[in-house]
Each structure stands twice: as C-alpha cells, then as structure tokens.
Protein chains: 2
Amino acid sequence: MPVTIKDVAKVAGVSPSTVSRVISNHPRISPKTAAKVKRIMIEMGYHPNMVAKSLVSKKSNTLGVILPRPAEELFLNLFFSEFIRGIVTQATRQGYDLLMSSGTTESEEMEAITRFVKGRRVDGVILLSSKKNDPTVKFLREQNFPFILIGRSDEHADVLSVDNDNVQAAYDVTKYLISLGHERIGFVSGPPQLVVSQDRLEGYKKALKESNLPMKSHWIVEGEFLQESGYRAMSMIMNLADRPTALIITDDLVAYGVVRGITELGYQVPDDISLFSFNNISISELTTPPLSSVDIGIYQMGYTASQALLRNIQEDQHDQRRIVIPHRLIIRQSCAKMNSQERS
Amino acid sequence: MPVTIKDVAKVAGVSPSTVSRVISNHPRISPKTAAKVKRIMIEMGYHPNMVAKSLVSKKSNTLGVILPRPAEELFLNLFFSEFIRGIVTQATRQGYDLLMSSGTTESEEMEAITRFVKGRRVDGVILLSSKKNDPTVKFLREQNFPFILIGRSDEHADVLSVDNDNVQAAYDVTKYLISLGHERIGFVSGPPQLVVSQDRLEGYKKALKESNLPMKSHWIVEGEFLQESGYRAMSMIMNLADRPTALIITDDLVAYGVVRGITELGYQVPDDISLFSFNNISISELTTPPLSSVDIGIYQMGYTASQALLRNIQEDQHDQRRIVIPHRLIIRQSCAKMNSQERS
DNA sequence: CTGAAAGCGCTTACAG
DNA sequence: CTGAAAGCGCTTACAG
C-alpha cells in the first residue's frame, strides 16, 4: 500500500489540505508545520500520486508523439533517434515527460491521438508527419488542442510548426555547384507527394533558372528514401549522353546507393561526377569519399519543437508561427571544381 | 468542456454506473440499454478520461523507459531507433503506450523512475542500462515493481531480462575466423566496465584457448563506441611486428573507424587484414568492403522486452527468467581465407 | 438488469 | 495559518 497524503496528515497531526499545501509550497503555511510535514513525508517515503494530481489539476505534464506508420518509417527512422532526443531533452528540462504510441494505419493513428487528447493524457502533441490532408491536424485544430507540426502544411499554413527552409537549402546547394563550374546538374529526389521533396526540387529549379542553366526532366529522378533508389537511378543517369556533372541527392542514405552505383559502373566520385546530399546523418562522413551534405539540424528541430509547444501550453496564448531551423552546407570531398575544357 | 459519463447518463436517462458498465461491456446489461447508450456516446463524442479511469483502476496501460544519460548515449543511440520501435510496436499491439524521460545524472535518472513508479504513471519499466551496481534496479526490486532489464546484471541474476549470449557470439566469430585459417586474431573492444564488453572478450579468449592459439594482450584494444576509437587503434595495431591477420570489433561504427585507419595506412581489407564486427547496424553493409557483422536482433530485443514485461504485469506472476535473443553471423566481404604460406 | 453510494488520491475555494 | 467539504471523472461492491 503506497502512502498517501492522508497517511502523512494523520502522522503529522494536520489535515490533508495542509499536507497538500506544504507540497505545493503554498505561501500561507507556517514554516514550522511545513518543516514538520516535510520531515514526515521523507520519513514515510511519500510521493504524490501523479494520476490523482492530474485528474484535479487537468494537467498531465506530458507531451505526446505518434510514431510514423510503416510507409514513411524508413525516411523518419534515420532522424528518429536524434529527433526524439532533442524533444525529450528539452521536455525533461521543463519537467515534462513524453508519451509515445504508434499507428499502423491512419485510423489507428487517429485512435492513438484521440486517446491522448480526449483521454487527457497529454497537454500537447508533436506531429511528425507533414502529409497532405492530414486528419490528425484537422482533429487537433477542431479540439483547439496545443500541437506543433514538424514540417510544413499547405492547407494549414497558420499552424505552429518547425521546419527547414528547404527551398532555400536546395537553392544554396545548387548555387554552390554552379559556383564550382557545373552546368549540367541533376536531382535525385524523394517521394513526390512529400512537401519536403517538392520544396527541394523548387529551390533547385529556381537556382538553375536564375543562372540560365539547362534543366532537363531526365536529369531528375524521383524515388524512395532508400539506398536502392539511389543505386538504381545510376544505371540510368550514368548512361545518359548528356549526363550531369553534378548530382543533388535528397538524402544521405540514397546518396550512399548513388555512390555504390557510380563505383560499380567504373566511375569515380568526384572526378567523374560530383555529389551533394541532404540531412547530414552520420553515414555521410563515412562514405568514400566523405559526402558533402546539408545539415538540417535534426536535434535542434526536436528541441525547438518541444520548447515552442511548451511555451504555447504554458502561456496559453496560441501563437501560430512557423519556426525555421537554419541549415548549413557541410562541404566534404564529394564535389570537384570543373575547369572549362571539361564542360563541353 | 469535454463530455463525461454523467453527461451521457443524463441524456440517455440512465445512471452513470450503467454508462460505465456499457463502456466496459459488462455482461449483465440489457442489449437495449447498451445499444442506446452506445449510440448516445457516439452522438455526444464521448471518450473516457483515462486519467480518472487510471486513478480508480490503478492501471495506467503504460510502460516506462528512461533514456540513457550522455555517457552511454552514443553507444545506445545507434540502436535506439530500432529498439524503441520494437518496444512500441509490441506495446501498442497490446494496448499500451510508452512513457519516456531522460536523466542527465544518476540522481535525475532515479527521480524520473520514482516519478513513474510512485506517481503511478506506468505499470512496468524497461531499463536500458546494464551497469554494475545500478540503483534503479535496486529500487525497482524493493518496490516489487514489474520491470525488465536489457542486458545482464551480475549482482541481480534473478531478474527478468533480455540479452544476447555475447560470450557465445564472440566465441562463434572467433571460431569462424580460425576456420578461415587465421591464427593471430585481435580484438577491438568497448568500455571495459560494460558487461557486454566483458562477455565478448571472454568468448574470444575461450575460443583462442580452445584452439591453442596465442593470445597477446597487445592485440586487445579497449576504447569507446566511437569511430575515432577504431581509427586510433589502427596506428598501433598495424605497426605491430606480429600484427594480427584478423580483427574482431565490438561495434560497426568502431569498425568503420578501423577500416578508415587501415585504408589510410595503405592497407586493404580483407587482403591485408580481415574484419568481423558486431551489431549489424545499417552502416555495416555500406562500408567498402561490406563488413561481416553479428546481427544481435535489436528490434527483436525491444519487441521481446515489451512482450515479457507485459506478460509479467498481466499475469502478475513475476517470473524472473533471462531471455536470450539469438545472434546470427552475417558473412559479407571483409574476411579472407588464409592459406598456409601467409601464416608464418 | 440497474441505481445510489462510496471511494481512488489529490486540490482548492470557503470559512474561520 | 489551517480545516472541513466538495469535487475531478471514473469504477464497483451492495442492494434491489
């Protein structure tokens, strides 16, 4: 039988209300009783029942996250560790825990969110997906429940969210390759329905247009966030008569497949083709040669998401901004300078 | 204002008790009232307050995990994703959620566990660490609270746990290398205070002794679970007059550093030296050449941990077994066969 | 088959 | 400064 406030009160010879006030450091309590009650709490090994506390206070001191379902598992898996760590670190620092569940189907996902929100188990929700037409976003808005979206939502532009400026990031990468003298630049993209894919492609196109460089549709390959995707793309790309001298790749793991494909076809990076990828997960510095990659600040995204959501919860003034996490181009050895005779 | 059982009762013209019984599918309720109440619940958008439910039922339907603190962060980080996914998948399947927190110091860790356990927020705890003299293990035993340990505990042998047979795994790897003709086999180990390091080293020694092969202490290097560790070890190892022809490495990431070191020194894998590592995380198939590695079933460990813990909670018969997850040697291209003239 | 009542362990006006 | 009482939203003997 765990010890309750009542037990402590009895031993201390005070009322339960007084014990409760001591716990919450109520100002109008005599230092003497406070000291006594505190001593007895420790002696008896008292610890408040958070569930009971939560029931009356209507606060859980908990944030909720739903794991992405299988379809996007792979993409998110790579980030997952760093991301969750960022979320938990900041949440813990502010005295919040993290409640997690996963949904295999969309309806299971909705069920989990409902359980969290209507079951009063969390004070706020972090949404990992940025799909079009997401019913969870709709639900949370209807409930007027605090939440933050990772990524961008086109339908719900006025929602609290953290994201990268993926258009700008891809633009920056493209411009960098152009500055090295590349004129034929290809793009190995991710699933076209994802906002992140669309944004990066847009930045790439913008940079090419601005520099008056050609943009051929057969230089753009769409795939999954899988090594295989990159690998397979190469047999096509490398056999092109007008093949690109540089490739932008939407993810490090995909880039790894690209490197493998290129190597197997007997070509060299960066001598035959330059590569620049995204996400800067640990793999990117482990390839031969080490890959240049865009660091999108995954840990910081998680950290910031927690922080912004908690502010919303605590100040109860639902600000609806979009927070942009800065990106950084990490230059390694996968890009070569072009000199003019090679350009033909 | 969320709708409560009382609200539903009022509209349905029954008592709250009846509504409660309908929700829990109590047998002695007329199908007619049941149907009516259910209809009204849906109409009113009723969802039970899990906190209130938890207070009276004394069940939270939640498992707790504490994230490892920084010291071991890196080692566990690599597994983390897969591991948590295994835990969550199985927990969700059985209707449980996962509550997470992290502690930077040992006392913060204890605080988090206490909050979970004494605060009645979880029904069981999964312990990720397998340190010596772990106060959290002691606490949970004293509280007689359901928990499962990942790894092995020497002081607490009679505790529910999931682990690999690391002695056997290292033994198997060593025997495999011996079968290829290697006679000088080195070991790049992890932090010596970790049980996993000790176990693997033991299996390695056992196999060598059994085959009457030499075991020199300068063939054994202890380090961290970091790429740098492996990298640094190589300048020493490769300059040995009697340098090993094969190396067992405690982790894929460390092995990556080893490959880098070997390559920079102008040697080749597996021609100059064979490598076999542990954990089989995604990196291992991405190196050049692809690394042979021991698959220790990380996802399955998480999955099994959830499952065993939940059985303990639900059947309330605290069985205290040690569950061993089988390992598999994944043979790739990093080990060469030795022929006799090379052996000298 | 159903309801009234007590209680889970807390908090917090209200009163003194 | 402190206590008695009501209540958070549920469950569950007990009685009928």
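Order of the sequence lines fixes the chain letters, A, B, ..., with proteins taken first and strands second; residue numbering starts at 1 for each chain.
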| message | What contact category does B:S54 fall into here, base, sugar-phosphate, or nothing, at under 4.0 angstrom with non-hydrogen atoms? | response | nothing
| What is the distance from CE of B:M50 to C1' of D:dT11, rounded to the nearest Å? | 13 Å
| Under a cut-off of 3.5 Å for both distances of each Watson-Crick or G-U pair, what dot-bracket string does DNA chain C give, using [ ] for crossing pairs and | for inter-strand pairs? | |||.||||||||.|||
| field | side-chain N/O B:K58 vs D:dT11 OP1/OP2, d < 4.0 Å | value | no
| Result of checking B:I87, B:I323, B:I325 against B:M301 for side-chain contact (heavy atoms from CB on, under 4.5 Å) | B:I325
| field | Between D:dG9 (C1') and B:M41 (CE): distance, integer Å | value | 15 Å
| message | Measuring from the side chain of A:T4 (C-beta onward, heavy atoms only), which nucleotide among C:dC10, C:dC8, D:dC10 has the closest atom? | response | C:dC10
| query | How is A:V51 classified with respect to the nucleic acid when contacts are heavy atoms under 4.0 Å: base, sugar-phosphate, or nothing? | reply | nothing
| request: Verify the contact: side-chain N or O of A:S15 to OP1 or OP2 of D:dA4, cut-off strictly under 4.0 Å; return yes or no. | output: no
| message | Ignoring hydrogens and geometry beyond distance, is a side-chain donor-acceptor pair present between A:Y303 and A:Q90 at under 3.5 Å? | response | yes
| request: For A:S60 and A:D123, indicate whether the former's side chain and the latter's backbone hold a donor-acceptor pair under 3.5 Å. | output: yes
| request: For B:A34 and for A:P48, locate the closest nucleotide of DNA chain C by heavy-atom distance; then report the residue assigned to the nucleotide nearer the 5' terminus. | output: B:A34
| request: Would you check if the side chain of A:N312 reaches a backbone N or O of A:P146 as a donor-acceptor pair within less than 3.5 Å? | output: no
| said: Expressed as a whole number of angstroms, how long is the span from B:N49:CG to D:dG7:P? | reply: 18 Å
| said: Quiz question: by atom type and distance under 3.5 Å, do the side chains of A:S306 and A:R93 form a donor-acceptor pair? | reply: no
| task | Rounded to the nearest angstrom, tell me the gap between atom NZ in A:K53 and atom C1' in C:dC8. | result | 17 Å
| Quick one, which residues of residues 19-27 of chain A touch DNA chain D with a heavy atom under 4.0 Å? | A:R21
| message | Using only atom types and a distance under 3.5 Å, with no angle test, would you say the side chain of A:D97 pairs donor to acceptor with the backbone of A:T62? | response | no
| field | Whole-Å C1' distance, C:dG16 and C:dT12 | value | 16 Å
| request: Remember a base hit wins even if backbone is also touched, and classify B:S17 as base, sugar-phosphate or nothing at under 4.0 Å, heavy atoms. | output: base
| field | Given DNA chain D, 5'-ward residue of the pair A:S30 and B:V3, judged by closest heavy atom | value | A:S30
| Name the one of B:I40, B:V37, B:I23 that satisfies side-chain contact (heavy atoms from CB on, under 4.5 Å) with B:Y46? | B:I23
| request: Using a 4.0 Å heavy-atom cut-off across all strands, classify B:L55 as base, sugar-phosphate, or nothing. | output: base
| B:H156: partners by side chain to side chain donor-acceptor pair (under 3.5 Å), with sequence neighbours left out | B:R141
| remark: In whole angstroms, the gap separating C1' of C:dA4 from CD1 of B:I5 amounts to 15 Å
| task | Please test B:S20 against B:S17 for side-chain hydrogen bond (donor to acceptor under 3.5 Å, both in side chains), starting from the C-alpha separation and ending with a verdict. | result | CA-CA 5 Å; B:S20 173; B:S17 337; over 6 Å; no
| field | Separation of C:dC10 P from B:K118 NZ (nearest whole Å) | value | 12 Å
| field | Atom NZ of A:K118: over 12 foreign heavy atoms under 6.0 Å | value | yes
| request: Give the rounded distance in Å between these two atoms: NZ of B:K59 and C1' of D:dT11. | output: 12 Å
| task | Grab the CG-P distance between A:N61 and C:dT11 for me, whole Å please. | result | 12 Å
| note | Contacts of B:V56 and B:V14 projected onto DNA chain C by closest heavy atom; the upstream (5') one is B:V14
